[in-house]
Amino acid sequence: MKNFAQSLLELWKQFGVNQRVSLIVAAVAVIGGLIAVVLWSQRPDYQLLYARLGEKDAAAVIGYLQAQNIPHQVTAGGTAVQVPSNQVYKLRMDLAAKGLPSGDGVGFEIFDKGQFGLSDFVQRTNYLRALQGELARTISQLQGVHSARVMIVQPENRLLLTEQGVKPTASVFVDVGGGRLELDQVNSIRHLVANAVQGLQTDQVAVVDNRGHVLSEELRQDPTLGTASSQMRYRQQVEDYLAKKVESMLATVIGPGNAVVRVSAEIDTEATVLTQDKYDPEGQVVRSQTVSEDNNNSSEARTTGGAVGVSANVPDKAVTGADAARPISTSEQTRKNRTTSYEINHTTTNVTRSPGTVKSVTAAVFIAPRTAAAAPAADGKAAPAAEPAVVKRTPEELNALRQVVINALGLKPAPGQSLDSLVSLQEIEFQPPERLPAQIEAIQGEGRLQGWMEMASRWASVVGAAAVLLFFWRALSRQKPEPVPVEVLALTPDAANRSLPSANAVTPELLNELIRQKPANVGVALRDWVAAPAGKN
């Protein structure tokens with residue numbers, strides 16, 4: 001190889017300046033052309049992947065392409081993405097598996113363009129579509145929500161016939177990936193949708209995640225506590241509230257993490273309506289009074305005249321003396337009646353007791369004992385590190401803490417009832433959190449081993465490819481080119497007359513003859529001539 005380079009250098013020295021410049025320019029042009037062809041052939045042919053993307057979808061798609069190191073171009077003001085043509089369909093399937101693009105839906109921009117001649121039904125349908133799209137966009141901005149869809153059902157607006165029992169309802173589908181929404185976030189989604197639709201109640205909004213879980217079921221309000229789930233949920237809320245109330249108070253006094261409180265509450269789940277009528281005889285009052293009065297007068301008198309009537313005026317009949325002296329009587333009588341009605345005091349009481357009343361509460365409290373710091377050594381030096389000493393509390397201190405818990409819960413012991421029956425308070429040493437069971441340590445060891453195995457599987461292919469490349473490189477470096485014999489050419493009569501002095505000698509005349517007859521064989525001839533040992537020349 002070294003001799004070949006020397007021969008090329010000597011050949012280069014034999015060229016003139018013009019020949020050298022021409023050769024350099026031709027070599028640069030050829031090399032530049034080859035580089036341009038290679039770059040042009042490697043340039044990908046970009047085609048449209050997605051167009052009219054929203055800001056969130058465009059950011060998600062571009063982030064995925066950057067993570068996979070896929071070349072791409074963003075056009076149309078950031079709403080269109082282009083990728084190499086040979087990866088368009090594969091990327092669409094990969095992005096569809098990840099739920100991209102999610103599609104924000106149609107918002108109120110549907111009314112930006114004037115549309116004439118539309119019916120009222122189409123206008124109301126477009127408004128409902130726009131409202132659903134805007135709500136979905138708003139919900140998608142919540143933390144932990146990848147995408148959302150909102151479906152609203154409103155009763156049909158009729159002019160003459162209306163159904164009073166039909167109310168609007170709504171359903172919300174949220175894609176949370178592998179995460180989970182908190183109850184506060186679910187409740188905010190319900191109130192957001194309910195306040196955006198006229199006449200929609202919060203309990204009429206159902207929220208479902210991508211795993212098929214109904215997230216709004218636990219927040220549904222049931223005033224009558226008619227179902228067992230509602231009763232258990234209400235009881236759990238009461239117990240959690242009371243337990244946190246006591247535990248936060250004890251954490252301030254004895255230190256955080258040194259108290260565990262559990263509360264059990266008995267809830268009255270029956271609805272009661274009580275009507276009570278009460279009469280008070282002592283509180284009577286006059287309601288009405290009636291007074292009636294009758295007068296009767298009577299008197300008697302004698303008259304001398306005849307009898308009154310027809311018989312006294314008949315001339316044929318004689319009038320006796322007794323008839324002439326008949327007396328006349330007159331009577332007068334007075335009578336009074338009084339009627340008085342009394343009203344007795346009447347009280348009517350209607351009491352309605354809703355379910356949810358707390359009938360009784362009991363609590364169980366565990367507190368950790370106090371720890372005392374180690375005393376310094378007698379020589380004034382710091383004592384060696386040791387576990388702090390445990391100091392038990394006195395019964396008086398435990399009773400004082402028990403009384404504090406009772407007051408915090410608002411418990412009132414009945415006469416003869418002990419405090420231990422209401423609040424069970426015990427002092428016990430807690431298990432240190434750093435002492436993990438052997439099973440947990442074994443699980444963690446398996447997790448670390450699995451992580452190392454996954455890392456080794458990822459790098460195994462790289463190491464194997466490097467080993468194969470090294471093997472081929474060493475095999476090629478050991479390979480030596482076989483000598484190519486120079487083709488024997490027929491010499492002309494002039495060249496035959498100037499035959500070689502020996503069979504192995506090479507003269508300039510023979511070399512010129514070889515160049516003229518077969519120029520392609522010059523390189524092989526020069527290589528064999530240069531590489532030949534000095535003793536054979």
Side-chain angles (χ1 to χ4, degrees), residues 180 182-187 190-191 202-203 214-276 349-371 390-431 433:
R180 184 175 181 272
E182 300 294 336
L183 292 180
D184 294 339
Q185 294 177 302
V186 178
N187 197 25
R190 295 169 66 239
H191 282 82
T202 307
D203 290 339
V214 182
L215 306 180
S216 59
E217 186 65 24
E218 298 181 1
L219 299 174
R220 187 179 297 275
Q221 300 179 0
D222 191 355
T224 61
L225 296 178
T227 60
S229 60
S230 300
Q231 297 175 8
M232 294 299 296
R233 184 169 61 251
Y234 178 74
R235 180 177 179 178
Q236 182 181 4
Q237 292 175 357
V238 173
E239 292 176 350
D240 291 344
Y241 167 73
L242 296 177
K244 290 180 180 179
K245 180 180 179 181
V246 177
E247 192 169 350
S248 60
M249 180 185 63
L250 293 178
T252 307
V253 178
I254 63 178
N258 292 327
V260 178
V261 181
R262 294 295 182 268
V263 177
S264 176
E266 184 179 357
I267 308 298
D268 186 6
T269 59
E270 296 181 356
T272 305
V273 179
L274 177 63
T275 302
Q276 183 179 7
T349 304
N350 294 325
V351 179
T352 302
R353 295 179 180 176
S354 300
T357 305
V358 180
K359 299 173 62 176
S360 62
V361 175
T362 57
V365 182
F366 286 99
I367 59 176
R370 291 176 297 187
T371 56
V390 177
V391 180
K392 296 288 185 179
R393 293 180 175 84
T394 62
E396 290 77 11
E397 292 177 341
L398 295 179
N399 291 332
L401 291 175
R402 184 181 292 107
Q403 187 63 42
V404 169
V405 174
I406 291 176
N407 295 336
L409 295 177
L411 303 179
K412 296 180 180 179
Q417 188 178 11
S418 62
L419 299 179
D420 295 340
S421 61
L422 296 178
V423 176
S424 174
L425 189 144
Q426 296 183 10
E427 186 178 18
I428 188 171
E429 187 176 357
F430 290 178
Q431 182 71 19

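As the structure is a computational prediction, the values presented were derived from the model and not from experiment. Every heavy atom of this structure was used, including side-chain atoms; hydrogens, water molecules and symmetry mates were not.
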Quick one: side chains of residues 252-262, donor-acceptor pairs under 3.5 Å with protein atoms, not counting sequence neighbours, listed by atom name and distance.
{"residue": "T252", "atom": "OG1", "partner": "S248", "partner atom": "O", "Å": "3.1"}
{"residue": "N258", "atom": "ND2", "partner": "I254", "partner atom": "O", "Å": "2.7"}

Taking side-chain hydrogen bond (donor to acceptor under 3.5 Å, both in side chains) as the definition, give me every residue that meets it alongside [X], ordered by chain and number, with sequence neighbours left out.
X    : value
D184 : none
Q236 : none
E397 : R370
T349 : none

For the residue pair [X] and [Y], establish whether any side-chain heavy-atom pair is separated by less than 4.5 Å.
X    : Y    : answer
L250 : V246 : yes
V358 : I267 : yes
V361 : V238 : no

**Prompt:** Considering residues, nucleotides and ligands other than Q403, do more than 12 of their heavy atoms fall under 6.0 Å from its CD?
**Reply:** yes

Among all residues two or more places apart in sequence or in another chain, which pass the side-chain contact (heavy atoms from CB on, under 4.5 Å) test with [X]?
X    : value
L274 : V351
E396 : T394
S424 : Q426

Would you mind listing every salt bridge (charged side-chain N to carboxylate O under 4.0 Å, His left out) that reaches into [range], with sequence neighbours excluded?
range            : answer
residues 243-257 : none
residues 355-366 : E266-K359
residues 400-417 : R402-D420

Identify the heavy atoms of [X] and [Y] that sit nearest to each other, and give their distance.
X    : Y    : result
S216 : R190 : CB-CD, 3.7 Å
F430 : F366 : CZ-O, 3.7 Å
I428 : P369 : O-CD, 3.2 Å

**Message:** List the residues meeting salt bridge (charged side-chain N to carboxylate O under 4.0 Å, His left out) with R393, not counting sequence neighbours, and say none if there are none.
**Reply:** E427

